[in-house]
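These values consider heavy atoms only, across backbone and side chains, with no hydrogens, waters or symmetry-generated copies. Chain letters run A, B, ... following the sequence lines, proteins first and then strands; every chain starts at 1.
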Number of protein chains: 2
Amino acid sequence: MLHEEVVGRIRAILLDGEIPPGARIPERELCERLEISRTPLREALKVLAAEGLVQLLPHRGSRAAKLTDKDMRDLFEVCQGLEALAGELACERISDAEIGAIAAAHDEMVRHYREGDLIQYYRGNRAIHEAIVAAADNPVLAGLYASVTARIRRARYVTPMTPQRWALAVKEHEAILNALQRRDGAGLSHILRAHLRHKREEVLQAGFAETEANDLGLRIA
Amino acid sequence: MLHEEVVGRIRAILLDGEIPPGARIPERELCERLEISRTPLREALKVLAAEGLVQLLPHRGSRAAKLTDKDMRDLFEVCQGLEALAGELACERISDAEIGAIAAAHDEMVRHYREGDLIQYYRGNRAIHEAIVAAADNPVLAGLYASVTARIRRARYVTPMTPQRWALAVKEHEAILNALQRRDGAGLSHILRAHLRHKREEVLQAGFAETEANDLGLRIA
DNA sequence: TTTTACATTTTTGAATGCAAAATTTGCGAT
DNA sequence: ATCGCAAATTTTGCATTCAAAAATGTAAAA
């Protein structure tokens, strides 16, 4: 089995919340489940630890990383910076076809908003942000963005959304699309920053801090 | 031996250019040299591959990553974005003592400039940029910055420096220190971007592209 | 002399084995 | 019954081993 595949499968297990934050990662069990020996599994865990999804405790095994409020704030700040950069670069490089695709995704997302379908809305929202990053045509940036968003993802999509906040988010997305269509890099960068800052306030205000109770909620959601 | 230590030592070997970009990494030799078996070495290589310093070729071993012009451009863009972000955050959080330390480092760097000591100048330059990132008080950002700069470091410090460019760089650093002292986040962010953009032009114009000839140069320098 | 087929050696990727450390279990004392 | 402590078990980290793939070398044929 390819090494990269093991990393991907464990990452998926962690992102699904199947192993909740802070929980021990059972080496032997995972070996049996993935039908591999400990060597490739441990290699994968080291890689995931470097990514920040797993923490290794010497002689005590590995655990799914548990994020503090501070970690969350830090991750959001970086995510903001990366998206702002992606927005600027995207405006320089994006093709009309790509803008068209994003506009379509935007319209669909707005439809989900009108229907009140939060899950589908989030899915569309994520697709747009990822499309902007992709349009920046910078694999290094895309890689870091993927890594950072993976770490916040769980919290990002489980916060309660008030009608006011939701309406504001949609409004901001209108502005995002608009700036993109005008290829206004500075403007887009600015809007994305504000958008992410609001998102962060939302998440942190919801009293993030991964607790056992929270973990249960995350697993169900 | 601690796993993290092996990663650090191999990273150092790669950054020193002891194994030049594109060269095969001799597993057995490294094992003997570090006095470890292949298991921890291979774990370390996987981590370094995830960081982008090493590339793994299935059934063909690992090589020191070789950067194309495009890779270099991408890395610089991201580095710029991260430093700009760090500058903004630093202005919000930096203490007077930290500013004082940076001012001192700045003066020393200028002294090296006046003396024409490029090596020491680069060292001081790097210290200042790292201090700004540290002042942002964001470990996630610091980690990504370290990873990105590690990848460009070799190229960053071997480009020919014309007197004009050097004078401009010093001037920009005056502005950087000034913005920091005024805690002008937006201004600092702007200057840092320009500073890095100039640096990038310098490096790319020098016709980067890691070639065998270039590797030799890197190893000596 | 060059090229191609084949055998040998080397190297890689993964499983297993082993010693050290940590955790759990069991037993006796309070 | 509870606490303390030592023995047993489990788990971790690394070394070694093994099978498969790639590289290398050799010899015969064009």
Side-chain angles (χ1 to χ4, degrees), chain A residues 1-14 17-67 143 210-212 215, chain B residues 1-14 17-67 143 210-212 215:
Chain A
M1 190 189 288
L2 205 56
H3 155 80
E4 196 54 53
E5 192 190 324
V6 179
V7 174
R9 291 190 60 180
I10 302 175
R11 205 200 322 261
I13 289 173
L14 292 171
E18 201 179 317
I19 296 177
R24 274 177 101 265
I25 295 173
E27 231 173 65
R28 192 150 297 284
E29 270 180 50
L30 266 185
C31 285
E32 287 165 19
R33 177 163 158 192
L34 303 182
E35 295 175 299
I36 54 174
S37 77
R38 286 178 55 222
T39 306
L41 177 76
R42 289 169 55 76
E43 286 172 352
L45 288 176
K46 300 271 196 297
V47 169
L48 292 166
E51 275 181 37
L53 280 171
V54 164
Q55 62 187 139
L56 304 174
L57 300 94
H59 293 287
R60 294 193 177 184
S62 41
R63 311 181 87 87
K66 198 167 187 167
L67 300 183
E210 286 177 333
T211 62
E212 297 312 312
D215 293 345
Chain B
M1 190 191 290
L2 206 56
H3 155 79
E4 195 55 51
E5 194 190 324
V6 179
V7 174
R9 291 191 59 182
I10 301 175
R11 204 201 322 263
I13 289 173
L14 292 171
E18 201 178 318
I19 296 176
R24 274 177 104 266
I25 295 173
E27 236 175 60
R28 192 150 299 282
E29 268 180 51
L30 265 185
C31 285
E32 286 165 20
R33 175 164 161 193
L34 302 181
E35 295 176 295
I36 54 175
S37 77
R38 285 176 57 220
T39 307
L41 178 77
R42 289 169 56 76
E43 286 172 353
L45 289 176
K46 300 266 195 300
V47 170
L48 292 166
E51 275 181 35
L53 279 171
V54 164
Q55 62 186 138
L56 305 174
L57 301 95
H59 293 288
R60 292 185 174 198
S62 41
R63 302 181 159 279
K66 198 165 186 169
L67 301 182
E210 287 177 333
T211 60
E212 296 314 310
D215 293 346

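Protein atom CD of A/Glu27 is 15 Å distant from nucleotide atom P of C/dT16, rounded to whole Å. Atom NZ in A/Lys46 sits roughly 10 Å away from atom C1' in D/dC14 (whole-Å rounding). A straight line from CZ of B/Arg42 to C1' of D/dA15 spans 14 Å, rounded to a whole angstrom. Taking atom CD of B/Glu4 as the reference point, atom C1' of D/dG13 lies 15 Å away to the nearest angstrom. Atom CD1 in B/Ile25 sits about 12 Å away from atom P in C/dG13, given to the nearest Å. Residue B/Glu43 contributes atom CD, which lies 17 Å from atom P of C/dT12 at whole-angstrom precision. To the nearest angstrom, C1' of C/dA15 lies 15 Å from CD of A/Glu35. Rounded to an integer number of Å, the gap from B/Leu34 CG to D/dC14 C1' is 14 Å.
Between the side chain of A/Arg38 and the base of D/dG13, a donor-acceptor pair under 3.5 Å is found. Residue-to-nucleotide contacts include a donor-acceptor pair under 3.5 Å from the side chain of B/Thr39 to the base of D/dA15.
Among the nucleotides C/dG13, C/dA14, D/dT16, the one closest to any side-chain atom of B/His59 is C/dG13. When distances run from any side-chain atom of A/Ser37 to the nucleotides D/dC14, C/dA14, D/dT12, the shortest one goes to C/dA14.
Side-chain contact between A/Ile19 and A/Ile10 is absent, with no heavy-atom pair separated by less than 4.5 Å.
OP1 or OP2 of D/dA23 has at least one side-chain nitrogen or oxygen of B/Arg60 nearer than 4.0 Å.
The shortest heavy-atom contact between A/Ile25 and A/Arg63 is CD1-C, 3.8 Å. In plain terms, the two heavy atoms of B/Arg24 and B/Arg60 that are nearest each other are NH2-O, 3.9 Å. Nearest heavy atom pair, residue B/Gln55 against residue B/Ala64, reads OE1-O, 4.3 Å.
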